[in-house]
Q: 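Pasting a structure here, questions to come.
All residue numbers refer to positions in the sequence shown, counting from 1.
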Amino acid sequence: MTAALTTKRGYRSTMTAMLLVCAAGNAIYGLAPLMPAFDRHGKWLLLVGRLVAGVGSGAMGALYGYVSRTTPVAHKAAAFAFLRGCSTV
């Protein structure tokens with residue numbers, strides 16, 4: 001999905017859109033217990049939040065592609081290690 005978007009729209013807009021989707025999903029997931037409908041539909045709100053966040057996390061593929069294309073060969077290992085460290089935290 002992200003490959004088609006990056007080809008059509010470019011890396012910057014694709015990563016921005018996917019990260020916003022991921023943030024929206026995490027907001028749904030994090031704020032679900034505060035919503036009035038949580039008592040009746042709690043597990044579904046959590047599931048929807050995680051699903052939306054998972055779709056948004058597809059930006060990592062575009063990010064790795066961007067780093068692969070723009071980083072010099074001598075610095076690629078350090079760049080990928082940095083990305084992996086940031087995504088783990």
Q: Out of curiosity, does Y66 fall in the hydrophobic cluster containing L19 (side-chain heavy atoms, cut-off under 4.5 Å, transitive links)?
A: no

Q: Would a hydrophobic clustering, with Ile, Leu, Val, Met, Phe, Trp and Tyr connected at side-chain separations under 4.5 Å, put V21 with I28?
A: no

Q: State, to 0.1 Å, how close M15 and L63 come at their nearest heavy-atom pair, and which atoms those are.
A: SD-CD1, 3.4 Å

Q: Check whether more than 12 heavy atoms from other residues, nucleotides or ligands sit under 6.0 Å from atom CZ of F82, and answer yes or no.
A: no

Q: Taking T16 for its side chain and S13 for its backbone only, find out whether a donor-acceptor pair lies under 3.5 Å.
A: no

Q: Between P33 and G30, what is the shortest heavy-atom contact and its length?
A: CD-O, 3.6 Å

Q: Could you pull out the closest heavy-atom pair between K76 and T71, with the gap in Å?
A: CE-O, 3.2 Å

Q: For L47 and L51, what are the C-alpha separation, side-chain angles and deciding distance, and is it a side-chain contact (heavy atoms from CB on, under 4.5 Å)?
A: CA-CA 6 Å; L47 182 66; L51 181 68; 5.5 Å; no

Q: I need the minimum non-hydrogen distance between Y29 and L46, along with the two atoms involved.
A: CD1-O, 3.5 Å

Q: Does atom OH (Y64) have a neighbourhood of more than 12 heavy atoms from anything else shown, all under 6.0 Å?
A: yes

Q: How close do L45 and A32 get, counting heavy atoms only, and between which atoms?
A: CB-CB, 3.9 Å

Q: Considering all heavy atoms of both residues, which atom of T14 and which atom of R9 are nearest to each other, and what is their separation?
A: OG1-CB, 4.1 Å

